[in-house]
Amino acid sequence: MSPSPSAPAAPVTAPTLQATFDRLKTRSEALRQEGWEPRAARLQKLASWLATHQARIQQALYADFRKPAAEVDLSEIYTSQIELKHTLQHLKKWTSRRRVPTPLSLLGARGWVQPEPKGVVLIIAPWNYPFYLAIDPLISALAAGNCCILKPSEMTPATSRLLRQLVEETFDASEVVVCEGDKEVSTALLTLPFDHIFFTGSPEVGKVVMRAAAEHLTSVTLELGGKSPVVVDETANLRDAAEKIVWGKCLNAGQTCVAPDYLLVQEQVRDELVREIRSATRRLHDPKGEGVQQSDSFARIVNSRHFQRLSRLLEEGQRRGGTLEMGGIVDSSECFIEPTLIDGVPADAGLWQEEIFGPILPMRTYRTLPEAVAFVNGRARPLALYLFSRSAENRRYILQHAPSGGAAINDTIVHLMHPELPFGGLGNSGMGRCHGRYGFDAFSNLKGVLQQRIGKTSVKLLYPPYTPAVKRMIELVMKWF
């Protein structure tokens, strides 16, 4: 399958980027004056495009890395639709003034928070969910009233081309533009004085984006990655845990920023959990017993470079004493890596040091929960943390003692699908929050406004000269207000 053909994108040069940015900057001043209805109309057009072009999206993702159509529907289209529906449902409220209470020391005044667009924003999207992770922040940016330049990943050219077609067919060219291209295009874009940059990618590139943004004091949202742990304690329902771990690890062939990156299992239930993971993998990805490679429900690694990186990590893990508990088959001709569970890999090996971003899951046992938490906290703050447990005490302990960007109890990944929950990282795994109102706020300037009465005010009682009476008044304010 292949996506619909289209005319090639015009060459991107520094002068054309500057002209594009200037055009959007001019238009952004007009958008600043709009109410919520025109923003909703743009989002409705996007929703209509999604509803009528499901097959084109499926074809593009299959062309880029053989992503199963059902998985495209679930993780690329449906997730975008959730964000659209939730935003449209709440947009009028989000754009309205948010009244705040007035303290007694400012009696007579009124205060509110007034959201306003930041202006022209840049979205740099990744390759692993190249459609959803471009559309999701675009929804928030448009809801907040901004003009936008979207830079999709060159590593998924079919989806990148489709995103350009979507934008050209749906939006005014003075409001939303897609800039295709490689690293040089991203570098050139980062020299422009955007009002906000939303970047999804690796921590290493996130640092580059942040340094570039500092030149213009541009605010940033960085959705990065890291090694997200999954902890299974002795109280867990092991069959349920295994199914959810396998699903979360194998979704998109493990190329998910919040995929379980390593497994910590309480030593008493280690062997049983391994058996359940093997069984769950057969049920989900090899029900006919023909091998996962024959399954039409399992994606491929995006390109040979990433395939080789994963193969090297797996080979090193085995060479240094790791034992395959499941999987291990690799095929460079298809960029295929079988779902793999490996134990006994030394803690200083690459599988424990690098974000894996593939269907390889290293595991180790622990005796006590504090021991597991110490292992997690000995690494950079994860983007997500997963715990499988029926113990309320263990759940509280993990949430209180193991910082992470987000967490899920007795599941993996699905916390991203909850539109009322903020999503984002901590430290090395990112900064800022997105989804729902949190995404709207990220692309908005939340202007604090105070309206004071004319004439006598409580504050005027504190004006100089600082007579004994004024000083006493200040002391009373400090003590009681």
Side-chain angles (χ1 to χ4, degrees), residues 3-4 36-62 64 67-95 123 125-144 146 148 150 152 156 158-160 162-171 175-176 178 198 200 223 247-248 251-252 256-258 297 299 406 408 411-424 433-443:
S4 302
W36 68 273
E37 294 94 337
R39 303 182 193 180
R42 292 185 189 93
L43 295 178
Q44 289 284 9
K45 289 171 66 177
L46 176 57
S48 296
W49 195 97
L50 291 180
T52 55
H53 293 91
Q54 179 182 5
R56 288 173 68 182
I57 302 169
Q58 293 172 344
Q59 291 164 10
L61 270 295
Y62 188 89
D64 282 329
K67 189 164 185 174
E71 202 164 289
V72 172
D73 290 347
L74 177 65
S75 64
E76 303 274 0
I77 300 174
Y78 175 63
T79 46
S80 300
Q81 290 174 330
I82 289 175
E83 188 72 16
L84 269 168
K85 291 175 182 177
H86 184 74
T87 299
L88 285 166
Q89 181 181 357
H90 297 281
L91 185 58
K92 182 177 181 181
K93 179 181 178 180
W94 293 349
T95 57
I123 296 171
W127 57 263
N128 60 322
Y129 289 84
F131 189 82
Y132 166 61
L133 292 179
I135 295 300
D136 184 78
L138 179 63
I139 292 167
S140 296
L142 295 177
N146 299 286
C148 181
L150 172 61
T156 47
T159 307
S160 178
L162 179 68
L163 286 165
R164 177 169 58 85
Q165 294 168 1
L166 181 162
V167 166
E168 290 173 352
E169 295 167 15
T170 307
F171 301 110
E175 297 172 356
V176 185
V178 168
F198 191 107
T200 305
E223 297 295 346
W247 176 78
L251 183 71
N252 205 36
T256 304
C257 60
V258 290
S297 300
D411 214 332
T412 65
I413 294 184
V414 295
H415 61 297
L416 272 73
M417 299 171 69
H418 195 317
E420 296 284 2
L421 287 177
F423 177 75
R433 292 294 181 266
C434 63
H435 295 176
R437 185 164 187 165
Y438 302 95
F440 175 89
D441 286 352
F443 284 101

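Every value quoted in this text rests on a predicted model; they were computed, and no experiment measured them.
Note on ring orientation: taking the six-membered ring where Trp is involved, the planes of Tyr132 and His435 are tilted (angle from 30° to 60°).
For the atom pair Glu169 CD and Arg164 CZ, the distance stands at 10.0 Å (nearest 0.5 Å). Atom CZ of residue Arg56 and atom CG of residue Leu166 lie 8.0 Å apart, to the nearest 0.5 angstrom. Note that CD1 of Ile139 and OG1 of Thr87 are 6.0 Å apart. Values are rounded to the nearest 0.5 Å. Separation of atoms CG (Asn146) and CG (Leu138) is listed at 10.5 Å; rounding is to 0.5 Å. With rounding to the nearest 0.5 Å, the separation of CD1 in Ile135 from CG in Leu84 is 8.0 Å. Considering OG of Ser160 and CD of Gln165, their distance stands at 10.0 Å, rounded to 0.5 Å.
Side-chain N or O atoms of Arg39 include one that pairs as donor or acceptor with a backbone N or O of Ala143 at under 3.5 Å. Within the 3.5 Å criterion, the main-chain N or O of Lys92 finds a donor-acceptor partner in the side chain of Thr95.
A heavy-atom distance below 4.5 Å is not found between the side chains of Val167 and Leu163. Proximity of Phe198 to Cys434: side-chain heavy atoms (C-beta onward) are separated by under 4.5 Å at one or more points. Looking at Leu50 and Ile57, their side chains come closer than 4.5 Å, going by heavy atoms from C-beta outward. The shortest distance between side-chain heavy atoms of Leu142 and Phe443 does not fall below 4.5 Å. Residues Trp247 and Ile413 form a side-chain contact, since some pair of their non-hydrogen atoms from C-beta on lies under 4.5 Å apart. Residues Trp127 and Thr159 fail the side-chain proximity criterion, which asks for heavy atoms closer than 4.5 Å. Side-chain contact between Lys93 and Trp36 is absent, with no heavy atoms from C-beta onward closer than 4.5 Å.
In this structure Tyr129 satisfies the ring-ring contact (aromatic ring centres under 6.0 Å, His included) test with no other residue, sequence neighbours excluded. The side chain to side chain contact (heavy atoms under 4.5 Å, CB included) search around Leu88 returns Ala40, Leu43, Gln44, not counting sequence neighbours. For Ala442, the side chain to side chain contact (heavy atoms under 4.5 Å, CB included) partners at least two apart in sequence or on another chain are Thr221. Scored by the ring-ring contact (aromatic ring centres under 6.0 Å, His included) test, Phe131 finds no partners at all (sequence neighbours excluded). Annotation: side chain to side chain contact (heavy atoms under 4.5 Å, CB included) contacts of His86 (sequence neighbours excluded): His90, Trp94, Pro419, Glu420.
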- From CA spacing to verdict: side-chain contact (heavy atoms from CB on, under 4.5 Å), His418, Phe423: CA-CA 9 Å; His418 195 317; Phe423 177 75; over 6 Å; no
- Task: Evaluate the criterion side-chain contact (heavy atoms from CB on, under 4.5 Å) for residue pair Tyr438 and Leu421; output intermediate values, then yes/no.
- Result: CA-CA 8 Å; Tyr438 302 95; Leu421 287 177; over 6 Å; no
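Residue pairs that meet the side-chain hydrogen bond (donor to acceptor under 3.5 Å, both in side chains) test with at least one member in residues 68-85, sequence neighbours left out, are Gln54-Asp73, Gln58-Asp73, Lys67-Ser75, Lys67-Glu76.
When all heavy atoms of Leu150 and Ala125 are compared, the pair lying nearest together is CD1-CB, 4.4 Å. In terms of heavy atoms, Glu223 sits closest to Gly424 at OE1-CA, 3.3 Å. Closest approach of Thr156 to Pro130, counting heavy atoms only: OG1-CB, 3.4 Å.
A salt bridge does not link Lys45 with Glu175: every distance from a Lys NZ or Arg NE/NH1/NH2 to an Asp or Glu carboxylate oxygen is 4.0 Å or more.
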